Amino acid sequence: CIRDRYNYNEVYYMLIMICDDDKNIANYIKSLIESNYKENIKIKTYCTVKELEHSIFNKEIPNAIIMDICVEKSNGIDALKKVRKYIPRTPVIFITGYTEYCQDIFIDFNPFGLLTKPIDSQKLYFYIDKIISQYKSDQPLNVEISANGQKINIDKNDIIFLESKERKVIYHTKSVSYTHLRAHET
């Protein structure tokens, strides 16, 4: 099983938006993802393109979108073209019950994936695994330290050097230095 390759406890919080005017399908996809990827992925479902657009235009940025091609007599491709101006790199998986649209999707939009109805759970998992892999590789490598009683995340690329001094580690970054007590003293 592909999902077993990843340790999902290491995946940072992700948001996936599902848009399908059939609530049963949206909830089915949501339940598949939740049951296989635990609490690491938050899922929001929408029954209309306008609801989805409203969330995105109000700065709720998803890490992926799963969307029916035909939502409420709307064209999902056209709707996502507008949304893509705000989130050009967000992976989109289209859902369709109409195979005649399949060719147009790849010509007009270049989606991350395509699922046909009824939904094949293994194909869905395949796409979600790819999205998680891409998401993890795009994340900065951080180190969490405790400095001055606060937890601080430092991008490893910003660290210039470390200094060990009197049972303390000093992280010298491009802009500031942080003093961290060694683990046995915190």
Side-chain angles (χ1 to χ4, degrees), residues 6 8-98 101-102 104-117 119 121 123-142 144 150-155 157-158 175:
Y6 301 107
Y8 290 104
N9 294 327
E10 294 177 4
V11 175
Y12 299 100
Y13 164 83
M14 289 180 60
L15 173 62
I16 296 178
M17 294 180 172
I18 302 170
C19 186
D20 195 313
D21 54 355
D22 185 333
K23 283 186 180 185
N24 292 328
I25 292 174
N27 288 332
Y28 175 67
I29 294 169
K30 180 179 179 179
S31 70
L32 287 173
I33 295 170
E34 286 178 340
S35 67
N36 285 282
Y37 297 94
K38 310 295 180 227
E39 69 279 346
N40 298 320
I41 298 175
K42 181 178 179 182
I43 301 167
K44 290 194 157 195
T45 59
Y46 302 90
C47 293
T48 68
V49 170
K50 293 222 179 286
E51 291 173 350
L52 176 74
E53 289 175 342
H54 179 74
S55 285
I56 294 169
F57 295 154
N58 284 306
K59 307 293 186 222
E60 188 166 22
I61 307 301
N63 300 100
I65 298 172
I66 301 172
M67 181 164 186
D68 193 357
I69 292 173
C70 295
V71 180
E72 287 192 315
K73 301 177 187 173
S74 297
N75 183 328
I77 297 170
D78 291 339
L80 280 175
K81 283 181 183 176
K82 287 193 292 187
V83 168
R84 271 269 164 100
K85 293 176 186 174
Y86 297 91
I87 50 172
R89 294 176 23 116
T90 300
V92 176
I93 300 169
F94 278 114
I95 311 165
T96 186
Y98 306 101
Y101 290 119
C102 293
D104 292 339
I105 295 169
F106 287 95
I107 292 170
D108 294 339
F109 198 78
N110 192 24
F112 194 84
L114 174 68
L115 294 169
T116 55
K117 296 177 185 178
I119 303 299
S121 61
K123 286 183 182 174
L124 174 66
Y125 300 149
F126 171 78
Y127 291 131
I128 298 298
D129 286 341
K130 282 180 60 176
I131 289 168
I132 289 171
S133 178
Q134 175 180 315
Y135 179 72
K136 285 175 66 174
S137 68
D138 287 347
Q139 294 301 306
L141 300 174
N142 291 324
E144 184 179 280
Q150 296 180 352
K151 295 230 183 261
I152 299 172
N153 284 309
I154 303 172
D155 184 335
N157 294 323
D158 289 341
S175 59

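What you are looking at is a predicted structure, and each value in this text was computed from that prediction instead of being measured.
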Heavy atoms of Tyr46 and Ser55 approach each other most closely as OH-OG, 3.0 Å
May I ask you to test the [X]-[Y] pair for a side-chain heavy-atom distance under 4.5 Å?
X	Y	result
Ile56	Thr90	no
Phe94	Leu115	no
Met67	Met17	no
Leu124	Ile33	yes
Ile119	Tyr28	yes
Thr116	Ile95	no
Leu114	Thr96	yes
Gln134	Phe112	yes

Rounded to the nearest 0.5 Å, what separates atom [atom1] in [X] from atom [atom2] in [Y]?
X	Y	atom1	atom2	value
Asn36	Ser31	CG	OG	9.5 Å
Lys44	Glu60	NZ	CD	3.5 Å
Glu34	Ile29	CD	CD1	12.0 Å
Cys47	Ile25	SG	CD1	11.0 Å
His54	Thr48	NE2	OG1	10.5 Å

Going by distance alone, is a donor N or O of one side chain under 3.5 Å from an acceptor N or O of the other, for Tyr37 and Asp129?
yes
Pair Lys42, Met14 - check side chain to side chain contact (heavy atoms under 4.5 Å, CB included), show working.
CA-CA 6 Å; Lys42 181 178 179 182; Met14 289 180 60; over 6 Å; no
Please evaluate residues Ile132 and Ile41 with respect to the criterion side chain to side chain contact (heavy atoms under 4.5 Å, CB included), reporting the C-alpha separation (whole Å), side-chain torsions for both, the decisive distance (0.1 Å), and the verdict.
CA-CA 10 Å; Ile132 289 171; Ile41 298 175; 4.0 Å; yes
Using a strict 4.0 Å threshold on nitrogen-to-oxygen distance, state whether Lys30 and Asp20 make a salt bridge.
no
Does this structure show an ion pair linking Asp22 with Lys117, if we count only N-O contacts that are shorter than 4.0 Å?
no
Applying the side-chain contact (heavy atoms from CB on, under 4.5 Å) test to Ile16, which of Ile93, Ile65, Ile131, Ile66 qualifies?
Ile66
